S.K.: 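Here it is, the structure in full.
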Amino acid sequence: QVRFVESGGGLVQPGGSLRLSCVASGSISTIYVMGWYRQAPGKQRELVAYHTTDYSINYADSVKGRFTISRDNAKNTVYLQMNSLKPEDTAVYYCNAVIRKIATTTPSTYWGQGTQVTVSS
């Protein structure tokens, strides 16, 4: 069993900042990738950023230069620092991870419950 605790969402004015956190716990052997997706009302879920164990990082074009993803492997935690927020960043943000559980050989993808980010004046 794998569980996520997400935090840091909320309401912020345009130009403001928020920091999201996601802690993974449970019967975890290896976390290969941790990242964030988001889904705005009426739109498909889209990748925001991901961070692999060997420090390969990728961002969606729409957030490059404004968002920064980081990981603390010892704490099974991924962060998303969001600066210069825009109204179009409003969405539910989901933590995502590719994890191999203890006593298994195949990794699987897991999702957090989501945290709401609203950018509005």
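Not measured: the values here are computed from a predicted model. For this chain, numbers begin at 1 and follow the sequence in order.
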S.K.: How many angstroms lie between atom OH of Y50 and atom OG of S56, to the nearest 0.5 angstrom?
M.R.: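 Spacing of OH (Y50) from OG (S56) equals 5.0 Å.
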S.K.: Give the other cluster members for I102, using side-chain heavy-atom distances under 4.5 Å between Ile, Leu, Val, Met, Phe, Trp and Tyr residues; answer none if it is isolated.
M.R.: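 Hydrophobic cluster check, I102: no partners found.
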S.K.: Please set out all donor-acceptor pairs under 3.5 angstrom arising from side-chain atoms of residues 68-75, sequence neighbours excluded.
M.R.:
residue	atom	partner	partner atom	Å
R71	NE	N73	OD1	3.0
R71	NH1	H51	O	2.9
R71	NH2	I31	O	3.3
R71	NH2	N73	OD1	3.0
D72	OD1	A74	N	3.2
D72	OD1	K75	N	3.3

S.K.: Counting N and O atoms only, with roles assigned by atom type, does the side chain of T90 sit under 3.5 Å from a partner on the main chain of V119, one being a donor and the other an acceptor?
M.R.: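 Yes; judged by distance alone, with no hydrogens or angles, the pair exists.
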S.K.: If Ile, Leu, Val, Met, Phe, Trp and Tyr residues are connected whenever their side-chain heavy atoms lie under 4.5 Å apart, and connections chain through other members, are V78 and I28 in the same group?
M.R.: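 Yes, one cluster joins them.
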S.K.: Show every donor-acceptor pair shorter than 3.5 Å between a side-chain atom in residues 33-44 and any protein atom, with sequence neighbours excluded, or say none if there are none.
M.R.:
residue	atom	partner	partner atom	Å
R38	NE	E46	OE2	2.7
R38	NH1	D89	OD1	3.0
R38	NH1	Y93	OH	2.9
R38	NH2	E46	OE2	3.3
R38	NH2	S62	OG	3.3
Q39	NE2	K43	O	3.1

S.K.: Hydrophobic clusters join Ile, Leu, Val, Met, Phe, Trp and Tyr when side-chain heavy atoms are under 4.5 Å apart, directly or via other members; which others share one with Y55?
M.R.: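 The other cluster members (ILVMFWY side chains, heavy atoms under 4.5 Å, direct or chained): none.
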S.K.: I'd like to check the side chain to side chain donor-acceptor pair (under 3.5 Å) partners of R100; sequence neighbours left out, ordered by chain and number.
M.R.: S29, T30, Y32
S.K.: Rest of the hydrophobic cluster containing L11 (Ile/Leu/Val/Met/Phe/Trp/Tyr, side-chain heavy atoms under 4.5 Å)?
M.R.: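 Under the 4.5 Å side-chain rule, L11 groups with nothing.
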S.K.: Supply the atom-to-atom distance N83 CG to L18 CG, rounded to the nearest 0.5 angstrom.
M.R.: 9.5 Å
S.K.: When you group the ILVMFWY residues by side-chain heavy-atom contacts below 4.5 Å and let the links chain together, are F67 and L47 in the same group?
M.R.: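 In one cluster with L47: F67, no.
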S.K.: Do side-chain atoms of S121 reach the backbone of Q13 as a donor and acceptor pair under 3.5 angstrom?
M.R.: no
S.K.: Out of curiosity, does V23 fall in the hydrophobic cluster containing V117 (side-chain heavy atoms, cut-off under 4.5 Å, transitive links)?
M.R.: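 In one cluster: no.
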S.K.: Please check if V12 and L20 belong to a single hydrophobic cluster, counting links between Ile, Leu, Val, Met, Phe, Trp and Tyr side chain heavy atoms closer than 4.5 Å.
M.R.: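 Yes, because V12 and L20 connect within a single hydrophobic cluster, where side-chain heavy atoms sit under 4.5 Å apart.
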